[in-house]
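The next block holds one structure in the form of structure tokens; read it before the comments.
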Amino acid sequence: MILPNKLIPYNKSILAKMIYILDMLILGDEHLEILYNKIKDNFEDINQYILTLDVLFSLEKIQIDEELKVLKYVKTDNL
């Protein structure tokens with residue numbers, strides 16, 4: 001389900017789903033539930049959404065602000 005293969009096309013893989021989350025977070029910080037409600041049409045279910053968030057956290061592309069309870073896009077500085 002994470003990576004595309006013979007049975008799972010790219011557009012159904014988690015790699016393709018990451019774009020929907022990143023596109024919203026680049027625009028600004030977002031609460032977890034509000035973000036899901038905005039992009040839920042792009043996910044099969046909430047489990048796929050959570051798995052996508054896990055992958056993005058692992059790749060250090062997003063982080064959570066515990067104080068504000070929002071997800072943030074992690075900007076990288078590639079000199």
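Residues: numbered from 1 along the sequence shown.
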Are L22 and F57 in one and the same hydrophobic cluster, where Ile, Leu, Val, Met, Phe, Trp and Tyr link if side-chain heavy atoms are under 4.5 Å apart? yes
Which residue pairs satisfy the side-chain hydrogen bond (donor to acceptor under 3.5 Å, both in side chains) criterion with at least one member in residues 14-25, sequence neighbours excluded? none
Hydrophobic cluster membership, M24 vs I50, 4.5 Å side-chain cutoff: yes
Given a cutoff of under 4.5 Å between side-chain heavy atoms of I, L, V, M, F, W and Y, with clusters grown through shared members, what are the other residues clustered with V74? none
Hydrophobic cluster membership, L27 vs V70, 4.5 Å side-chain cutoff: no
According to side-chain contact (heavy atoms from CB on, under 4.5 Å), who are the partners of Y36, at least two apart in sequence or on a separate chain? K40, I46, Y49
Rounded to the nearest 0.5 Å, how far apart are CG of N37 and CG of L32? 10.0 Å
Taking only residues two or more places apart in sequence or in another chain, which ones pass salt bridge (Lys or Arg N to Asp or Glu O under 4.0 Å) with D65? K72
Under the side-chain hydrogen bond (donor to acceptor under 3.5 Å, both in side chains) definition, can you give me all pairs with a residue in residues 51-61, not counting sequence neighbours? none
Quick one: are L25 and L56 in side-chain contact, heavy atoms under 4.5 Å? no
Who are the salt bridge (Lys or Arg N to Asp or Glu O under 4.0 Å) partners of K38, not counting sequence neighbours? E30
4.5 Å side-chain heavy-atom contact, L53 and L71: yes
Specify the closest pair of heavy atoms between S13 and L3, including all atoms of both residues, with the distance to one decimal. CB-C, 4.1 Å
Is there a path of hydrophobic side-chain contacts, each under 4.5 Å between heavy atoms, that joins I64 and I39? yes
Shared hydrophobic cluster, L51 / F43 (ILVMFWY, side-chain heavy atoms < 4.5 Å): yes
